[in-house]
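One structure below.
Quick note on labels: first sequence line is chain A, next is B, and so on, each numbered from 1.
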Amino acid sequence: MAYWLMKSEPSVYSIDDLKRDGARGTGWGGVRNYQARNFLRSMRKGDLALFYHSNAEPSAAVGVMKVVGEAEPDPTQFDPKDDHYDPDSPPAAPRWWQVQVAFVEKFAEPVSIQDIRAEPSLKEMTLLKRGRLSVQPVTAPEWRRVLGLAGK
DNA sequence: GCCAACGTTGGC
DNA sequence: GCCAACGTTGGC
């Protein structure tokens with residue numbers, strides 16, 4: 001069982017939207033970075049992920065979600081009307097993938113990036129080291145620490 | 001809205 | 001294969 005962190009701008013798709021999407025969850029698509037894509041493909045059912053609100057006030061880890069379906073081709077890459085359309089992705093060998101994720105919990109106390117930066121044991125977190133990676137691994141100690149900061 | 005970080009593209 | 005130009009992310 002692995003731990004992850006996945007970013008979304010709340011003005012686009014927030015943890016409340018995920019909660020509303022219920023047990024079936026949502027396809028986490030639109031990722032157009034190869035390293036993030038590779039992490040998506042290595043996710044397995046039952047893995048847990050922090051839902052992180054980026055470009056938010058404040059930017060913060062706001063809850064937990066669960067991987068409920070493993071990698072499948074991201075349909076937005078084939079949709080010319082979608083912002084994430086990729087005309088160079090061959091349908092027979094899709095370039096971009098998504099996983100299905102579902103709501104687990106929303107933190108009563110979000111853990112902001114300032115909180116994370118202020119916590120010495122989290123200074124190696126990928127979130128701080130690699131600013132713009134939208135899907136990233138979290139170690140077990142980091143996971144426990146962030147949930148601790150969330151009051152869990 | 002600014003801009004630093006950094007990934008991608010494309011000319012050579 | 002190098003690297004400059006360009007585009008995007010995301011904190012502030």
Side-chain angles (χ1 to χ4, degrees), chain A residues 2-21 25-43 47-67 71-101 103-139 141-152:
Chain A
Y3 297 111
W4 306 96
L5 179 149
M6 298 161 87
K7 299 178 184 177
S8 178
E9 300 193 26
S11 60
V12 177
Y13 188 85
S14 74
I15 185 132
D16 293 323
D17 294 320
L18 182 66
K19 185 173 187 180
R20 201 169 302 123
D21 284 338
T26 190
W28 197 274
V31 172
R32 295 294 180 269
N33 168 285
Y34 288 102
Q35 196 177 1
R37 186 277 310 268
N38 293 344
F39 286 134
L40 284 175
R41 288 203 296 203
S42 66
M43 290 182 186
D47 285 359
L48 295 173
L50 293 168
F51 194 130
Y52 181 84
H53 281 171
S54 61
N55 271 315
E57 225 21 85
S59 294
V62 292
V64 173
M65 55 192 169
K66 179 187 286 198
V67 176
E72 58 186 359
D74 177 348
T76 64
Q77 70 194 304
F78 302 124
D79 179 358
K81 294 186 294 295
D82 194 281
D83 284 348
H84 298 102
Y85 178 54
D86 182 354
D88 298 327
S89 179
R95 182 177 287 179
W96 306 115
W97 297 72
Q98 66 178 20
V99 296
Q100 194 75 17
V101 290
F103 178 83
V104 174
E105 67 173 327
K106 179 178 175 178
F107 296 148
E109 303 171 49
V111 182
S112 72
I113 190 161
Q114 295 94 326
D115 296 336
I116 291 170
R117 200 172 270 129
E119 171 54 49
S121 63
L122 295 176
K123 70 180 196 307
E124 296 300 318
M125 260 189 97
T126 304
L127 183 71
L128 303 182
K129 295 267 162 180
R130 291 285 320 282
R132 297 163 304 127
L133 187 62
S134 65
V135 177
Q136 53 186 258
V138 173
T139 68
E142 288 166 352
W143 180 270
R144 288 191 293 270
R145 198 75 199 95
V146 172
L147 265 69
L149 292 174
K152 294 287 152 183

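Whole-Å rounding puts the A:Glu57 CD to C:dG11 P distance at 10 Å. Taking atom CG of residue A:Asp88 and atom C1' of nucleotide B:dT9, one finds them 11 Å apart after rounding to whole Å. The distance between atom CZ of A:Arg130 and atom C1' of C:dG11, rounded to the nearest whole Å, is 16 Å. Taking atom CG on A:Leu127 and atom P on C:dT9, their separation rounds to 16 Å, with Å as the unit. Atom P of nucleotide C:dT9 and atom CD of A:Gln136 are separated by 15 Å, given to the nearest angstrom. Regarding A:Leu128, its CG atom lies at a distance of 10 Å from the P atom of C:dG11, rounded to whole Å.
Qualifying ring pair (Phe, Tyr, Trp, His ring centres under 6.0 Å) partners for A:Tyr34, counting only residues two or more places apart in sequence or in other chains: A:Trp96. Contacts of A:Gln100 classified as side chain to side chain donor-acceptor pair (under 3.5 Å), with partners at least two apart in sequence or in another chain: none. Among residues two or more places apart in sequence or in another chain, the side chain to side chain donor-acceptor pair (under 3.5 Å) test is passed with A:Asp115 by A:Ser112. Listed by chain and residue number, nothing satisfies the side chain to side chain donor-acceptor pair (under 3.5 Å) test with A:Asn38 (two or more places apart in sequence, or in another chain). For A:Lys129, the side chain to side chain donor-acceptor pair (under 3.5 Å) partners two or more places apart in sequence, or in a different chain, are A:Glu124.
Within the structure, a side-chain polar atom (N or O) of A:Tyr52 is placed less than 4.0 Å from OP1 or OP2 of C:dG11. Within the structure, a side-chain polar atom (N or O) of A:Ser59 is placed less than 4.0 Å from OP1 or OP2 of C:dG11.
Residues from residues 32-42 of chain A with heavy atoms under 4.0 angstrom of DNA chain B, sorted by number: A:Asn33, A:Tyr34. Scanning residues 106-122 of chain A for heavy-atom distances under 4.0 Å to DNA chain C yields A:Ile113, A:Arg117. Residues from residues 7-16 of chain A lying near DNA chain B, meaning a heavy-atom separation below 4.0 Å, are absent.
Looking only at side-chain heavy atoms (C-beta outward), A:Met6 and A:Leu40 come within less than 4.5 Å of each other. Counting heavy atoms from C-beta outward, A:Asn33 and A:Ser134 have side chains that stay 4.5 Å or more apart.
Ionic pairing of A:Lys19 and A:Asp16 is not present here: no N-O contact between side-chain nitrogen and carboxylate oxygen is shorter than 4.0 angstrom.
Legend: side chain to side chain donor-acceptor pair (under 3.5 Å) pairs involving residues 47-58 of chain A, not counting sequence neighbours, sorted by first then second residue: A:Trp4-A:Asp47, A:Glu9-A:Asn55. Identified under the side chain to side chain donor-acceptor pair (under 3.5 Å) test for residues 142-151 of chain A, with sequence neighbours left out: A:Glu119-A:Arg145, A:Ser121-A:Arg145, A:Thr139-A:Glu142. Within the structure, every pair that satisfies the salt bridge (Lys or Arg N to Asp or Glu O under 4.0 Å) test and touches residues 28-40 of chain A, not counting sequence neighbours, is listed here: A:Arg32-A:Asp74.
Counting only distance, with no hydrogens or angles, the side chain of A:Ser59 and the backbone of A:Ile113 share no donor-acceptor pair below 3.5 Å. Distance alone, capped at 3.5 Å, places no donor-acceptor pair between the A:Thr76 side chain and the A:Asp82 backbone.
Residue order along DNA chain B, read from the 5' end via each residue's closest nucleotide, puts A:Asn55 first among A:Arg95 and A:Asn55.
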N/O to N/O distances under 3.5 Å, protein versus nucleotides 4-7 of chain C:
none

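Minimum interatomic distance between A:Phe51 and A:Tyr13 (heavy atoms only, all atoms of both residues): CZ-O, 3.6 Å.
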